[in-house]
Amino acid sequence: MGHTYRSFTYEVSREKLREYARATGVHDPALEADASEVPLRSLTAPPTFAACFSVGVLDQIIADPELGAHWNLLHGSQAFRFARPVRGGDVLRCTPRITDLTSRASMERLTLVVEAVEADTGEPVVEADSTILFLTGAAQEDAAPEDPAQQGSTRQGPVQGGAA
Amino acid sequence: MPELDAVHVGDRLPAEHVTLHQGDLVRYAGASGDFNPLHWDPAVAAQVSPTGGVIAHGMLAMGHVSRLVTAWAGGPEHLRELGAAFRAPAPVGATLELGGEVVAVDPEERTATLRVWATLPDGAGVVDPRRSRAVVALG
């Protein structure tokens, strides 16, 4: 494997940081402050904010006809390694690549890594690993106990966003 | 940021509880861009969910765990790594216990490794305590 997908640029905005913080119960006065009071560059993202530009890449993978992936999937695990925290105003160059694809009895396990670097300097910021389990047809029941939390879908067409 | 000398294996983060309502899942979907209908559409969930109903995003549980660890670490800038293994489904309305425990201290790197979790009342790991870890920089 080792297939690398097209890089994309992600800009970290104040409003998105605030929205994400509120959604995960984070109470950060700097994020809640008015834009006239706290400069964008002084804002620090909650660590899992990196999901916005990593887990969300799944729809790009799913759309890859060569991979033949589908939306009957589980989100098995997620990991982030930080060179530094994501900050407001960051312009990140994000490159998804598949580092592993393993066939098991009832599923294929795909490991997707998204490397996010500063767009202008190339300095590393965060690396995100997602493990996705693509279930194969009738074997779905077999796979469910391993990771029922992230049961995907057998339904109509692709959905936006990630697995879990 | 906790000081190296003050952190010991076995130290526990103050546990918290959080109840995940449907509105919280909708809010997380919008914030993260993950609009999988499993997390908001009962008709879809009835067909594909292991519980037969809408369940929370694993990432939402991980986000709450992250909040707990980040508070202990003294800010996101002190978090080196965070990894979660998703296992048990969290139905709408479930109350999760969030927690963490120091399992290793590295005096050379000045880091602490914690096992972290988000568990259902029966102990089932939504964020699995056995396979979910955080690495925090120490002062």
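Below, chains carry the letters A, B, ... as their sequence lines are ordered, and counting in each starts from 1.
- Both the backbone and the side chain of B:Ser32 come within less than 4.5 Å of a heavy atom of chain A.
- A continuous path of Ile, Leu, Val, Met, Phe, Trp and Tyr side chains, each step under 4.5 Å between heavy atoms, connects B:Val127 with B:Leu98, placing both in one hydrophobic cluster.
- For a residue to count as touching a neighbouring chain, one of its non-hydrogen atoms must lie under 4.5 Å from one of that chain's; by this rule A:Arg87 does not touch chain B.
- Ranked by non-hydrogen atom pairs under 4.5 Å with chain A, the options B:Ala29, B:Gly30, B:Gly75 are led by B:Gly30.
- Highest contact tally toward chain A, considering only B:Met62, B:Arg133, B:Glu77, B:His78, is held by B:Met62 [criterion: heavy-atom pairs under 4.5 Å].
- For CZ of B:Arg27, the number of neighbouring non-hydrogen atoms (other residues, nucleotides, ligands) closer than 6.0 Å is 12 at most.
- Per-residue counts of heavy-atom pairs under 4.5 Å with chain A were compared for B:Pro76, B:Gly83, B:Pro91; the largest is that of B:Pro76.
- No more than 12 heavy atoms of other residues, nucleotides or ligands lie within 6.0 Å of CZ in A:Arg6, so this atom counts as exposed by the packing criterion.
- Side-chain contact between B:Asp128 and B:Phe86 is absent, with no heavy-atom pair separated by less than 4.5 Å.
- With a threshold of 4.5 angstrom between heavy atoms, A:Ala45 approaches chain B through N, CA, C or O but not through any side-chain atom.
- In this structure, A:Val113 and A:Glu127 have side chains that are in contact, with non-hydrogen atoms separated by less than 4.5 Å.
- Residue A:Arg81 touches chain B through both its backbone and its side chain, counting heavy-atom pairs closer than 4.5 Å.
- Two rings, from A:Phe8 and A:Phe53, have their centers 6.0 Å or more apart.
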